[in-house]
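Please read the structure below before turning to the comments.
Computed from a predicted structure; not experimentally measured.
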Amino acid sequence: MPDLDTELRYVSDVRESFGSRQDFARAAKSGSLQRVSRGAYFPAETWHALDDLHRYLTVIRAVASTRRFRPVLSHWSAAAIHGLPIIGEWPSTVHTIVGKTAGGRSRNGVVKHSLRLDDADVVEFGDLLVTSVARTVLDIAALASPLVSVTMADRALHVDRRGLREPMATKAELLDVWERSLPFRAHTRTAEVIAFSTERADSPLESVSRVNMRVIGCPPPTLQSRFYDHRGFIGETDFNWPSFKLIGEADGDIKYLDANYRNGRSVEEVMRAERIRENRLRALKWDVSRWEWSTAIRPAALRAHLQNAGLPIR
């Protein structure tokens, strides 16, 4: 991945080797440069090779670097910087908080939110000012759909049971920010997101599944239960319903395609281990039902899938 900071070119900082300011416009017109924000350009070939997230991070960096004063980046912009996941595509606009008295005027690809902001809600991320993870989750929950806000909240709270990574926030921190922000719009909805979020969701796919299970009236599952047999530990399951002897597994591609997840194993070895694990679970008289993104993201599809697996859906 290229260094986004060094690749950005600014009209306000024309270098002798690049030529005059007019050369930026000519280079953009010819296709060698990509205009990413007002007064900021990026090599076009590199730009087109970036994924959606890194393009958005480039736009955020460009906007932050061309402001007279450092803006406080917030909402989706803060989420991208912190590494919180999104359902769908990242926006093209950069979000900032300007304070209650400043008034929110949005233009030139920058959305300004007029909200009260405490010093404790702002952190430094390198040379950027960004809302804290807890405040970012709260702001997203006030505006976004449950799929987006719960997925971000779950990631912020997630506890790595291998001990390799600390949680980004705690539920107590989310509640503290919520209480300090009162009164504010959507305070009931944000409280529901905080209450529903969990540190036990291991992936966005699991979070989306949980949200849509609630939408369809599915019996609440138990999360991340540990199973054993006569040979010892089998593994932890994504979801299970003891009353119905059913285990649910949300199968994302990362399990098979991400080298870090495979931990040195081939895709075939991972698939074989999954088959052995599932056979051991079935030997304990549990049924196992698996689903992918295309099922989890659509409530009707998830309802049909879980009903076929034997769950009663209201």
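- The other residues sharing a hydrophobic cluster with Leu284 are Phe227, Ile234, Ile247, Leu281, Trp286, Val288, where clustering joins ILVMFWY side chains under 4.5 Å apart.
- Between the side chain of Arg116 and the backbone N or O of Ser181 there is at least one donor-acceptor pair closer than 3.5 Å.
- The shortest side-chain heavy-atom distance between Val63 and Pro71 does not fall under the 4.5 Å cut-off.
- Thr198 places no side-chain N or O within 3.5 Å of a backbone atom of Ala201 that could act as its donor or acceptor partner.
- Here the straight-line distance linking atom OH of Tyr10 with atom OG of Ser37 works out to 7.5 Å at 0.5 Å rounding.
- The backbone N or O of Trp47 lies less than 3.5 Å from no partner atom in the side chain of Gln34, so there is not a single donor-acceptor pair.
- In the hydrophobic cluster analysis, where Ile, Leu, Val, Met, Phe, Trp and Tyr join through side-chain heavy atoms closer than 4.5 angstrom, Val72 is grouped apart from Val94.
- In this model, no donor atom of one side chain and acceptor atom of the other lie less than 3.5 Å apart for Ser74 and Asp139.
- At a cut-off of 3.5 Å, with distance as the only test, a side-chain donor of Asp51 or His54 sits close to an acceptor on the other residue.
- Under the 4.0 Å criterion applied to side-chain N and carboxylate O atoms, Arg282 and Glu278 are assigned as salt-bridge partners.
- Here the closest non-hydrogen pair linking Met168 and Glu173 is O-OE1, 4.5 Å.
- A salt bridge links Arg290 with Glu274; the closest basic N to acidic carboxylate O contact falls under 4.0 Å.
- Looking at residues two or more places apart in sequence or on another chain, you find a side chain to side chain donor-acceptor pair (under 3.5 Å) between Asp154 and Ser207, Arg210.
- No side-chain heavy atom of Lys245 sits under 4.5 Å from any side-chain heavy atom of Asp287.
- In the hydrophobic cluster analysis, where Ile, Leu, Val, Met, Phe, Trp and Tyr join through side-chain heavy atoms closer than 4.5 angstrom, Val122 is grouped apart from Val98.
- Residues Leu117 and Val111 are members of separate hydrophobic clusters, defined by side-chain heavy-atom contacts under 4.5 angstrom among Ile, Leu, Val, Met, Phe, Trp and Tyr.
- A heavy-atom distance below 4.5 Å is not found between the side chains of Arg214 and Val150.
- Atom CG of Leu143 sits about 10.5 Å away from atom OG1 of Thr190, to the nearest 0.5 Å.
- When hydrophobic side chains of Ile, Leu, Val, Met, Phe, Trp and Tyr are connected at separations under 4.5 Å, Phe233 ends up clustered with Tyr228.
- Counting heavy atoms from C-beta outward, Trp293 and Pro204 have side chains that approach closer than 4.5 Å.
- With hydrogens and angles disregarded, no donor-acceptor distance shorter than 3.5 Å links the side chain of Asp118 to the backbone of Ala120.
- The backbone N or O of His95 sits less than 3.5 Å from a side-chain atom of Ser77, completing a donor-acceptor pair.
- Between the side chains of Thr136 and Thr131, a donor-acceptor pair is found at a separation under 3.5 Å.
- A donor-acceptor contact shorter than 3.5 Å links the side chain of Asn308 to the backbone of Ala304.
- Distance check: Lys171 NZ to Ile194 CD1 gives 8.5 Å after rounding to the nearest 0.5 Å.
- Under a 3.5 Å cut-off, the side chain of Trp241 and the backbone N or O of Leu311 do not form any donor-acceptor pair.
- Judged by distance alone, with hydrogens and angles left aside, the side-chain atoms of Glu45 form no donor-acceptor pair with the main-chain N or O of Ser32 at under 3.5 Å.
- Only one option out of Arg275, Glu269, Glu268 pairs with Arg272 in a side chain to side chain contact (heavy atoms under 4.5 Å, CB included); it is Arg275.
- In the hydrophobic clustering of ILVMFWY residues, with side-chain heavy atoms under 4.5 Å counting as a link, Phe125 and Ile60 come out together.
- Glu124 meets the salt bridge (Lys or Arg N to Asp or Glu O under 4.0 Å) test with Arg70; sequence neighbours excluded.
- Trp90 meets the ring-ring contact (aromatic ring centres under 6.0 Å, His included) test with Tyr56; sequence neighbours excluded.
- In the hydrophobic cluster analysis, where Ile, Leu, Val, Met, Phe, Trp and Tyr join through side-chain heavy atoms closer than 4.5 angstrom, Ile97 is grouped apart from Leu128.
- Through side-chain heavy atoms spaced under 4.5 Å, either directly or across other Ile, Leu, Val, Met, Phe, Trp or Tyr residues, Val159 is tied to no other residue.
- Checking each of Leu33, Thr58, Val59 against Phe42 for a side chain to side chain contact (heavy atoms under 4.5 Å, CB included) leaves exactly one that passes, namely Thr58.
- Between the CD atom of Glu249 and the CG atom of Leu205 there is a distance of 10.5 Å, given to the nearest 0.5 Å.
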